[in-house]
Amino acid sequence: MKKHNFNAGPSILPEFTIKSTAENILNLNGIGLSLMEISHRSKEYTAINDEAQAMMKELLEIPSGYSVLFLQGGASLQFCMVPFNLLNKKAAYLETGSWAKKAIKEAKFFGQVDVVASSADKNYSYIPKGFSIPKDADYFHITTNNTIYGTEIRKDIDSPVPLVADASSDILSRPMDVSKYALIYGGVQKNLGPSGVAFVIIKDDILGKFERQIPTMLNYKTHIDDKSLFNTPACITVFACLQTMKWLKQLGGLKAMQKINTEKAKLLYDEIDRNKLFIPTVQEEEDRSVMNVTFVMNENYKELESQFLEFATSKGMVGIKGHRSVGGFRASIYNALPKESVQALVDTMKEFESKN
Ligand SMILES: *Cc1c(COP(=O)(O)O)cnc(C)c1O
C-alpha cells in the first residue's frame, strides 16, 4: 500500500511523474536509449529542456522579458548567486525563518544588508507586517513559504525596488503575478521534482546594472545565453519536473491547483483548531502556509506526542514529525499529496482524540 507521504522535501510527487520518468529512464520516447545515456546536446534532450522552460512560462503566465533557468546547486547556491549578480551596495531582506537567515548570511559577503523586519521574537510563527522597504536598496528579498515554520506570504506584494523571492516550497501551488518580481528561485525538490535542480525565473534587464567580475558558472547571463545548457544539466530531474508540469496542466493549471490546495489546507487547519489535543503554531489565518502545516500538542497533553506519532505511523502516515526548531508536527501537503491523505490524517487525529 502506498503511504500517506507528508515528507517536507524531497517529497511526494505525482504518480504520473514517477511512472513516466521511470519509463523514459528505461527507453526514452521509444528511441532505444535511456534518458540517462544520451547527450544533453542531443535533439531529444534539447527538446525536453525547451519544453520544460516553455511549460514553466505557460503555467505561471510569465511575461516576455523573463528567462527560466534550471541550474544545479539547489536553492542554497541561489542564496549566493542572487547577491553576486544583483547586490551592488545594499539589499533589503525579510527575515521569516532559517532559510531567510541563510540567504541573509550569503548576501553579507557582497554588501550591506538591511533586515527590514524579523519574526524571530516569536520563533518565526508569523509574517511581519507594516515594514518599510528602503527605496535605495538594490533589491528586496522574501521567502514566500517558510517550509520549517509553516508560514506563507500568499499574496504577490508590492515593492518599490526589484523583488526577489525564494519560492522553493510553494512554486506552482497558486497563480503568481510574475511581473511583480525581478527574480523567483527555489529548489525543485519540494513541489516539482526530485532533487538536483534549482529553478530561476529572472527578468533579463535586472542584470548588468553595475561592474563586478562574476565567475562564469555563477553569472546568470551565462545560463540565460545558453538556455541552461552551458554545462551538463541534471537531465533526469529536469525531465521529471516537466512531467509534473504536464500533470498540473492536465489538472487545469494553477487556478485549479490553488483551489485544491486551499481545500486541503482548510480541512487540516479546521481539525487542528477543533481538536482539543492539538494547537496550531501559526495563529494568524492569513499567515498560515497552504503547503506546510505545523502544529503541536496542547500543553495539557504534551506527554502524548510520541504516542500520536506512533499511532499515525501505524495508519500509514510518513513524515509528520515536526522540524527540530519547532517541535510537534509538520504535515507537508504539497500539490501532489491527494486530499484523501489529508482526510486520513484528520481521521487519525479524531480517532486519537476519542481514545484520549
Ligand atoms: C528546502 C529549502 C531551501 C534549500 O534548498 P536546497 O535546494 O536544499 O538548497 C531553501 N529555501 C526554502 C524555502 C526551502 O524550503
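The model shown is predicted, which means the values in this text are computed figures rather than measured ones. If you read the sequence from its start, that first residue is 1, and numbering goes on from there. Counting convention: from 1, in listed order, for ligands and their atoms alike. Side chains included, hydrogens not; waters and symmetry mates left out as well; all remaining heavy atoms used.
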Under 4.0 Å from ligand 1, counting heavy atoms only, is it the side chain of [X], its backbone, both or neither?
X	value
Asn145	backbone
Lys190	side chain
Phe79	side chain
Ala75	both

Is there a polar contact between ligand 1 and [X], counting only N or O atoms under 3.5 Å apart?
X	result
Ser76	yes
Gln189	yes
Gly74	no

Less than 4.5 Å apart, any side-chain heavy atom of Leu77 and any of Leu71? no
Is it true that Glu271 and Arg274 make a salt bridge, defined as a side-chain N closer than 4.0 Å to a carboxylate O? yes
Quick one: do Lys102 and Glu106 make a salt bridge, cutoff under 4.0 Å?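 No, Lys102 and Glu106 are not salt-bridged.
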Once rounded to the nearest 0.5 Å, what's the spacing between atom CE of Met317 and atom CG of Asn5? 11.5 Å
Identify the closest protein heavy atom to atom 11 (N) of ligand 1: which residue and atom is it, and at what distance? Asp166 OD2, 2.6 Å
Which pair of non-hydrogen atoms, one from Leu207 and one from Leu86, has the smallest distance, and what is that distance?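 Closest approach of Leu207 to Leu86: CD2-CD2, 4.0 Å.
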Name of the residue among Trp99, Tyr139, Phe140, Phe79 meeting ring-ring contact (aromatic ring centres under 6.0 Å, His included) with Tyr93: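 Testing each of Trp99, Tyr139, Phe140, Phe79 against Tyr93, the sole residue satisfying ring-ring contact (aromatic ring centres under 6.0 Å, His included) is Tyr139.
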